[in-house]
Amino acid sequence: MPELPEVETVRAGLAEWVSGRIVADVEVHHPRAIRRHLGGDFPARLRGHRLGAARRRGKYLWLPLSDTDECLLGHLGMSGQLLVRPAAAPDERHLHVRIRFTDGGPELRFVDQRTFGGLLVDELVPAQDLPGDAVPSLIAHIARDPLDAAFDEARFVARVRARHSAIKRALLDQSLISGVGNIYADEALWRTKLHGRRLAATLTRPVVGRLLAETRAVLAEAIVAGGTSFDALYVNVNGESGYFDRTLNVYGREGEPCDRCGTPIRREAFMNRSSYFCPHCQRAPRR
DNA sequence: CAAGGTACCTGTTAGC
DNA sequence: TGCTAACAGGTACCTT
């Protein structure tokens, strides 16, 4: 569920409420939440370490662990939440991991209805493209996201134009550009007046450049709004919803008039999910 | 290697 | 009311 703006909102919350604190104790209530953790006893790997500055690449989040070259890495999957709650607050229905701190302050809880998300301890490795920068080994293959100052725009445009697949598929490919999911892909395509089924290889450099600019714009605007929340599944670390859903132009708006031309928004199946688009502004290629 | 399909989960909602 | 099917923001892994 959460895409870059939602994950960035959570990252900012972790930076404010969790970074700098020392882990006292960790409880794992659901083993699936740490299924990607391969480094032995998960609580023991965290206990006693101070959590560093919260970082993010695409939809992944991490907090470096003091006195190690490791980090606590997390992904929210479709329904994951990282919540900062008072110890006395009742447990959430799908509370899978609890992290307590030595200061006795609010604890960090990983809550996840659909269990596609997870936490793990991972090793930090040098970033290949930027000296001095480090990234969790598990996500070293994922591209930087378009709000990252070191995002390589020319390389992205070239790689997209070498793709023999639909442009929406390329936008969702985290190894080309990270952080974009189904909602913001549809929004960026609408803003660029491109149909998601257009073949990436047929787009000109300027068009791909405009698509990237629109992608950046919609992601940045959504961050300001605290992300998109359709229901209580996506919330920030304090349990509050974002309000970017009011700004969406196409996603989830089947049958409603296009904000540009008034034509009813259409929905069609794509990659086992839904795509929303304006059939007038975004001309569909032949099947 | 690139491309595309499927599996992994639980909960909500629409339709009969 | 009760059952069933479709659908939901994502990624990993498998086959072609």
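Letters go in sequence order (proteins before strands), and every chain restarts at 1.
What separates NZ of Lys168(A) from C1' of dG4(B) is a distance of 15 Å, to the nearest Å. Rounding to whole angstrom units, CD1 of residue Ile177(A) and P of dT11(C) are separated by 13 Å. Remark: C1' of dA8(C) and CZ of Phe270(A) are 18 Å apart, rounded to the nearest angstrom. One atom, CG of Leu233(A), and another, C1' of dT10(B), lie 10 Å apart when rounded to the nearest Å. Straight-line distance from the CZ atom of Arg197(A) to the P atom of dA3(B): 18 Å, rounded to whole Å. Here the P atom of nucleotide dT11(C) and the CG atom of Asn182(A) are 11 Å apart, to the nearest Å. If you take CG of Leu76(A) and C1' of dC9(B), they are 16 Å apart, rounded to a whole angstrom. Atom CD of Glu3(A) and atom P of dA8(C) are 13 Å apart (whole Å).
Each of Asp173(A) and Met271(A) was assigned the nucleotide of DNA chain B with the nearest heavy atom; the assignment lying further toward the 5' end belongs to Asp173(A).
Rounded to the nearest Å, the gap between the P atom of dA6(C) and that of dT6(B) is 14 Å. Distance check on atom P: dG9(C) versus dA3(B) gives 23 Å, rounded to whole Å.
For Arg210(A) and Thr192(A), the side-chain atoms include no donor-acceptor pair closer than 3.5 Å. Checking Tyr184(A) against Thr228(A) by side-chain atom types alone, a donor-acceptor pair falls below 3.5 Å. For the 3.5 Å distance criterion, the side chains of Ser79(A) and Asp112(A) qualify, holding a donor opposite an acceptor.
Under 4.0 angstrom from either OP1 or OP2 of dA8(C) there lies at least one side-chain N or O belonging to Ser274(A). At dT10(B), none of the side-chain N or O atoms of Arg93(A) fall inside 4.0 Å of OP1 or OP2 (strictly under the cut-off). The side chain of Gln113(A) contributes no N or O atom lying less than 4.0 Å from OP1 or OP2 of dC9(B). OP1 or OP2 of dG11(B) sits under 4.0 Å from a side-chain N or O of His94(A).
Salt-bridge formation is detected for the pair Arg191(A)/Glu221(A): a Lys NZ or Arg NE/NH1/NH2 atom is positioned less than 4.0 Å from an Asp or Glu carboxylate oxygen. Under 4.0 Å is where a charged nitrogen must lie from a carboxylate oxygen, and between Arg45(A) and Asp122(A) no such pair does.
Considering only residues two or more places apart in sequence or on other chains, Arg100(A) meets the salt bridge (Lys or Arg N to Asp or Glu O under 4.0 Å) condition with Asp25(A), Glu27(A), Glu107(A). The ring pair (Phe, Tyr, Trp, His ring centres under 6.0 Å) test applied to Phe101(A) returns no partner, not counting sequence neighbours. With sequence neighbours excluded, the residues forming a side chain to side chain donor-acceptor pair (under 3.5 Å) with Lys168(A) are Asn182(A), Asp186(A), Ser275(A), listed by chain and number. Under the salt bridge (Lys or Arg N to Asp or Glu O under 4.0 Å) criterion, Arg267(A) pairs with Glu254(A), sequence neighbours left out.
Thr228(A) comes within 4.0 angstrom of a nucleotide base, judged by non-hydrogen atoms across all strands. Nucleic acid contact for Asp112(A): none, since no nucleic acid atom lies under 4.0 Å from a heavy atom of the residue. At the heavy-atom level, Tyr251(A) lies under 4.0 Å from the strands shown only through sugar-phosphate atoms. As judged by a 4.0 angstrom heavy-atom cut-off over every strand, Arg159(A) is placed among residues making no nucleic acid contact. Within the nucleic acid shown, Arg169(A) comes within 4.0 Å of at least one base atom, counting heavy atoms only. Among the protein residues, Arg273(A) comes within range of the nucleic acid bases, having at least one heavy atom under 4.0 Å from a base atom.
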Got a list of protein N/O to nucleotides 12-16 of chain C N/O distances below 3.5 Å?
from, atom 1, to, atom 2, distance (Å)
dA12(C), OP1, Arg36(A), NH1, 3.2
dA12(C), OP1, Arg36(A), NH2, 2.8
dA12(C), OP1, Tyr60(A), OH, 3.0

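Across dG10(C), dA3(B), dC7(C), the shortest atom-to-atom separation from the side chain of Arg267(A) is found for dC7(C). Closest approach to the Ile183(A) side chain among dG9(C), dT6(B), dA3(B) is made by dG9(C) (side chain taken as heavy atoms from C-beta onward). Among the nucleotides dG9(C), dT11(C), dC9(B), the one closest to the side chain of Arg32(A) is dC9(B). Looking at the side chain of Asn272(A), the nearest of the listed nucleotides dC9(B), dA3(B), dG5(B) is dG5(B).
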DNA chain C in dot-bracket form (Watson-Crick or G-U pairs under 3.5 Å, [ ] crossing, | inter-strand) is .|||||||.|||||||

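Checking side-chain atoms of Glu6(A) against main-chain N and O of Glu3(A) turns up a donor-acceptor pair under 3.5 Å. A donor-acceptor pair under 3.5 Å is formed between the side chain of Arg50(A) and the backbone N or O of Gly20(A).
A donor N or O paired with an acceptor N or O is not found under 3.5 Å between the base of dG11(B) and the side-chain atoms of Arg114(A).
A stacking contact links Phe116(A) to dG10(C): the aromatic ring centre lies within less than 5.5 Å of the base's six-membered ring centre, and the planes differ by less than 30°.
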